[in-house]
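What follows is a short report on a single structure.
Sequence lines set the chain letters: A, B, ... in the order given, protein chains first and strands last, and positions in each chain run from 1.
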Amino acid sequence: MADIDAQIEELTRGVVDFHVRKELEERLREGRPLRVKVGFDPTRPDLHLGHTVVLSKMRQFQDLGHEVIFLVGDFTASIGDPTGKSATRPVPTREEIEEGARTYAAQAYSVLDPAKTSIRYNTEWLGSMRFDDVIRLAGRYTLARMMERDDFKKRYAENRSISLHELLYPLAQGYDSVVLEADVELGGTDQLFNLLVGRELMREHGLRPQIVMTTPLLEGLSAREEGGRIVGDKMSKSLDNYVGVAEAPEEQLGKLMSISDALMWRYYELLSRVPVAEIENRRAACASGAMNPKQAKMSLAKEIVARFHDDAAADAAEAKWEAQFARREIPEDMPEVTLTIEGEGVWLPKALAEAGVLKSSSDGRRRLQQGGLQVDGDKVTDPKAQLAPGKTYVIKAGKRAWVRLTVQAG
RNA sequence: GGAGGGUUGCCCGAGUGGUCAAAGGGAGCAGGCUGUAAACCUGCCGGCUAUGCCUACAGUGGUUCGAACCCACUACCCUCCA
């Protein structure tokens with residue numbers, strides 16, 4: 001096994017919380033593959049880059065010869081993870097959970113090594129517990145300790161509801177660690193409390209407490225810089241500020257190219273496999289003007305696209321992006337829509353709305369007024385512009401929306 | 001069982017009888033500029049061929065010339081007392 005200090009250095013890169021270094025040293029010295037546990041919520045199977053931060057950390061463990069337990073929280077999913085939310089979520093069906101777990105694992109394997117990953121479901125042990133088992137488990141923790149959790153503390157102080165079952169969630173998660181006899185548990189920083197409950201419960205059950213590491217939560221695409229700090233929501237699907245691991249190469253590349261320069265360095269730190277020293281070189285080069293930040297951004301974007309697709313796809317996406325946005329050429333492929341109309345012609349904004357290119361004709365009117373519409377290469381200035389039937393038009397509506405629109409008489 | 005607080009546009013959040021399609025942020029969009037869908041600046045940001053009309057401030061009904069704002073009931077959320 002590799003030098004222990006070197007291992008620890010690599011394993012702690014980018015890590016926020018780390019409990020406890022000495023224990024990790026000890027276990028690494030034992031020279032056996034460690035059991036690294038990470039729990040996942042199968043109700044949200046669409047992985048985005050935010051999830052890959054912890055996945056990458058898991059991969060590092062695998063590359064060093066350790067074993068990863070991919071724990072599907074299928075049972076806890078039906079309790080409802082309280083993290084950050086007070087809204088009660090609908091309980092997913094068995095089929096939804098299984099399907100979610102399958103999709104999740106398939107996507108996770110774009111980062112993880114399948115050969116060193118075992119998938120477990122916590123229904124296996126939680127599903128057969130009786131009520132007295134649950135009470136006994138609950139007896140090992142106190143309300144005061146539970147209320148130490150930031151989320152609970154805050155909600156309680158702000159007069160927001162906390163359901164009782166939410167208090168059981170950390171216990172269930174901790175119990176998973178007891179059953180699995182985890183050596184290490186990883187999670188996002190929002191999981192710190194739950195991970196530490198795991199340590200406590202393991203100790204209670206006469207086991208060596210797991211080592212706990214948390215990875216940062218990745219900011220979403222729209223995060224910006226304010227006073228030298230990155231501010232903005234965490235990456236999430238519901239805020240539509242994410243890059244999905246299953247998205248098309250051009251989408252991924254385009255989204256990544258739209259992040260601010262400040263955010264780019266954050267992404268380098270958390271997502272790139274480029275060595276730390278090299279990242280610092282690039283940062284310095286950009287700061288001094290020796291390197292164009294666009295170049296650094298493209299390099300990062302392509303690295304990520306290639307991870308989920310391949311190098312060829314990344315190159316193709318780059319070529320397309322350069323053509324469309326840097327050189328503002330007409331893309332070779334664009335949606336083709338045929339619209340059937342009555343009468344002599346159709347108002348351009350209305351046509352775009354009906355073709356599904358824009359969300360409403362008001363939206364089209366606005367863009368027209370602002371000079372954002374082009375038909376066959378000419379900017380449209382007439383607010384009443386019509387499209388005559390019997391022709392095909394190439395239309396650009398703003399920066400990104402293109403259509404080849406055929407208008408035919410009805 | 002009782003008392004109180006709340007529900008505003010994609011999100012947060014002002015607004016307590018007319019000047020409110022509703023302040024301010026954020027997100028988003030367009031244009032300019034550029035190194036890009038960065039940054040920055042300007043504008044837009046419910047729908048409708050449109051200097052007007054329609055829909056909208058949880059729902060229903062009411063008071064009023066006029067209501068997001070007042071009243072009643074309903075639904076949902078939260079807190080406190082029991």
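For the pair A:Lys359 NZ and B:G46 P, the interatomic distance rounds to 7 Å; values are reported in whole Å. The distance from atom CZ of A:Arg365 to atom P of B:A50 is 8 Å, rounded to the nearest whole Å. Protein atom CE of A:Met264 is 12 Å distant from nucleotide atom C1' of B:A39, rounded to whole Å. Across the protein-nucleic acid pair, A:Leu358 atom CG and B:G46 atom C1' stand 16 Å apart, rounded to whole Å. For the pair A:Leu368 CG and B:A50 C1', the computed distance is 14 Å after rounding to whole Å. Rounded to whole Å, the distance from NZ on A:Lys379 to C1' on B:A30 is 10 Å. A:Met291 places its CE atom 15 Å from the C1' atom of B:A38, with the value rounded to the nearest Å. For A:Lys396 and B:G31, the NZ to P distance is 7 Å, given to the nearest whole Å.
Nucleotide B:A50 forms no Watson-Crick or G-U wobble pair with any nucleotide shown, as no partner meets the under 3.5 Å limit on both distances. Nucleotide B:A38 is matched to nothing when pairs are restricted to Watson-Crick or G-U wobble geometry with both distances under 3.5 angstrom. With both pairing distances under 3.5 Å, B:U79 is matched to B:A3 as a Watson-Crick or G-U wobble pair. Pair assignment for B:C70: B:G62, on the basis of Watson-Crick or G-U wobble contacts that are both within less than 3.5 Å. Pair check for B:C44 finds B:G28; Watson-Crick or G-U wobble, both atom distances under 3.5 Å.
Of the possible polar contacts, one joining the A:Asn241 side chain to the A:Lys234 backbone as a donor-acceptor pair under 3.5 Å is found. A:Thr12 contributes a side-chain N or O that, together with a main-chain N or O of A:Glu9, makes up a donor-acceptor pair within less than 3.5 Å. A distance-only check finds a donor-acceptor pair linking the side chain of A:Thr214 to the backbone of A:Asp17 [under 3.5 Å]. A:His66 contributes a side-chain N or O that, together with a main-chain N or O of A:Leu34, makes up a donor-acceptor pair within less than 3.5 Å. Side-chain atoms of A:Tyr242 do not come within 3.5 Å of backbone N or O of A:Leu47 as any donor-acceptor pair. Side chain of A:Ser236 to backbone of A:Leu239: a donor-acceptor contact under 3.5 angstrom is found. Between the side chain of A:Glu25 and the main chain of A:Ile4, no donor-acceptor pair closer than 3.5 Å is present.
Using a 4.0 Å cutoff on non-hydrogen atoms, the parts of residues 325-333 of chain A near RNA chain B are A:Phe325, A:Ala326, A:Arg328, ordered by number. A heavy atom closer than 4.0 Å to some atom of RNA chain B occurs in no member of residues 273-290 of chain A. A heavy atom closer than 4.0 Å to some atom of RNA chain B occurs in A:Trp347, these being the qualifying members of residues 340-349 of chain A. Applying a 4.0 Å cut-off to non-hydrogen atoms, the residues of residues 296-315 of chain A that approach RNA chain B are A:Lys297, listed by residue number.
Remark: A:Glu67 pairs with A:Arg35, A:Ile69, A:Ser118 by the side chain to side chain contact (heavy atoms under 4.5 Å, CB included) rule, at least two apart or across chains. Evaluation of the salt bridge (Lys or Arg N to Asp or Glu O under 4.0 Å) rule for A:Arg136 yields A:Asp132, A:Asp133 as partners, not counting sequence neighbours. A search for side chain to side chain contact (heavy atoms under 4.5 Å, CB included) contacts involving A:Asn281 returns A:Glu278, not counting sequence neighbours.
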>> Is there a side chain to side chain contact (heavy atoms under 4.5 Å, CB included) between A:Val72 and A:Phe40? Walk through the geometry before answering.
In response: CA-CA 5 Å; A:Val72 178; A:Phe40 291 100; 5.8 Å; no
> Stepwise, does the side chain to side chain contact (heavy atoms under 4.5 Å, CB included) test hold for A:Gln173 with A:Leu195?
Replying inline: CA-CA 8 Å; A:Gln173 187 173 337; A:Leu195 305 186; 3.7 Å; yes
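Put simply, the side chain of A:Gln324 and the base of B:U36 share no donor and acceptor less than 3.5 Å apart.
As rounded to the nearest Å, B:U49 and B:G15 have C1' atoms that lie 34 Å from one another. Here, B:C57 and B:G17 have their C1' atoms 15 Å apart, quoted to the whole Å. Separating the P atom of B:G6 from that of B:U16 is a span of 13 Å, rounded to the nearest Å.
Using a 4.0 Å heavy-atom cutoff across all strands shown, A:Glu251 reaches no nucleic acid atom at all. Using a 4.0 Å heavy-atom distance criterion, A:Leu263 is classed as making no nucleic acid contact.
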Do any side-chain atoms of residues 328-342 of chain A form donor-acceptor pairs under 3.5 angstrom with protein atoms, and if so which ones, sequence neighbours left out?
{"from": "A:Glu329", "atom 1": "OE2", "to": "A:Arg327", "atom 2": "NE", "distance (Å)": "2.9"}
{"from": "A:Asp333", "atom 1": "OD2", "to": "A:Lys320", "atom 2": "NZ", "distance (Å)": "3.2"}
{"from": "A:Thr340", "atom 1": "OG1", "to": "A:Gln408", "atom 2": "OE1", "distance (Å)": "3.3"}

Less than 3.5 Å apart, which donor and acceptor atoms pair up between the side chains of residues 311-318 of chain A and the rest of the protein, not counting sequence neighbours?
{"from": "A:Asp315", "atom 1": "OD1", "to": "A:Lys302", "atom 2": "NZ", "distance (Å)": "2.9"}
{"from": "A:Glu318", "atom 1": "OE1", "to": "A:Lys302", "atom 2": "NZ", "distance (Å)": "2.7"}

For residues 288-300 of chain A, which side-chain N or O atoms pair as donor and acceptor with protein atoms under 3.5 Å away, sequence neighbours left out?
{"from": "A:Ser288", "atom 1": "OG", "to": "A:Ala284", "atom 2": "O", "distance (Å)": "3.4"}
{"from": "A:Ser288", "atom 1": "OG", "to": "A:Ala285", "atom 2": "O", "distance (Å)": "3.1"}
{"from": "A:Ser288", "atom 1": "OG", "to": "A:Ala290", "atom 2": "N", "distance (Å)": "3.3"}
{"from": "A:Asn292", "atom 1": "OD1", "to": "A:Lys294", "atom 2": "N", "distance (Å)": "2.9"}
{"from": "A:Lys294", "atom 1": "NZ", "to": "A:Glu322", "atom 2": "OE1", "distance (Å)": "3.2"}
{"from": "A:Lys294", "atom 1": "NZ", "to": "A:Glu322", "atom 2": "OE2", "distance (Å)": "3.2"}
{"from": "A:Lys297", "atom 1": "NZ", "to": "A:Ile259", "atom 2": "O", "distance (Å)": "2.7"}
{"from": "A:Lys297", "atom 1": "NZ", "to": "A:Asp261", "atom 2": "OD1", "distance (Å)": "2.8"}
{"from": "A:Ser299", "atom 1": "OG", "to": "A:Arg282", "atom 2": "NH1", "distance (Å)": "3.0"}

Run the side-chain donor-acceptor check on residues 49-65 of chain A: report pairs under 3.5 Å with partners two or more places apart or on a different chain.
{"from": "A:His51", "atom 1": "ND1", "to": "A:His48", "atom 2": "N", "distance (Å)": "3.0"}
{"from": "A:Thr52", "atom 1": "OG1", "to": "A:Leu49", "atom 2": "O", "distance (Å)": "2.6"}
{"from": "A:Ser56", "atom 1": "OG", "to": "A:Thr52", "atom 2": "O", "distance (Å)": "2.7"}
{"from": "A:Lys57", "atom 1": "NZ", "to": "A:Leu11", "atom 2": "O", "distance (Å)": "2.8"}
{"from": "A:Lys57", "atom 1": "NZ", "to": "A:Arg13", "atom 2": "O", "distance (Å)": "2.8"}
{"from": "A:Lys57", "atom 1": "NZ", "to": "A:Gln60", "atom 2": "OE1", "distance (Å)": "2.8"}
{"from": "A:Arg59", "atom 1": "NE", "to": "A:Asp63", "atom 2": "OD1", "distance (Å)": "2.9"}
{"from": "A:Arg59", "atom 1": "NH1", "to": "A:Val111", "atom 2": "O", "distance (Å)": "2.9"}
{"from": "A:Gln62", "atom 1": "OE1", "to": "A:Asp113", "atom 2": "N", "distance (Å)": "2.8"}
{"from": "A:Gln62", "atom 1": "NE2", "to": "A:Asp113", "atom 2": "O", "distance (Å)": "3.2"}
{"from": "A:Gln62", "atom 1": "NE2", "to": "A:Lys116", "atom 2": "O", "distance (Å)": "3.1"}
{"from": "A:Gln62", "atom 1": "NE2", "to": "A:Thr117", "atom 2": "OG1", "distance (Å)": "2.7"}

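Residue A:Ser361 places at least one side-chain N or O closer than 4.0 Å to OP1 or OP2 of B:C48. Look at A:Ser258 and you won't find any side-chain N or O under 4.0 angstrom from OP1 or OP2 of B:U36. Phosphate proximity of B:G35 to A:Lys294: absent, as no side-chain N or O sits under 4.0 Å from OP1 or OP2. Phosphate contact (OP1/OP2 of B:C48, side-chain N/O of A:Ser360, threshold under 4.0 Å): present.
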Between the protein and nucleotides 23-29 of chain B, which nitrogen or oxygen pairs come in under 3.5 angstrom?
{"from": "B:C29", "atom 1": "OP1", "to": "A:Arg400", "atom 2": "NH1", "distance (Å)": "3.3"}

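Between A:Arg149 and A:Glu166, no side-chain nitrogen of the basic residue sits less than 4.0 Å from a carboxylate oxygen of the acidic one, so the salt-bridge criterion is not met.
Ring-plane geometry between A:Trp321 and A:Phe325 is classed as tilted, the angle between the planes lying from 30 to 60 degrees on a 0 to 90 degree scale.
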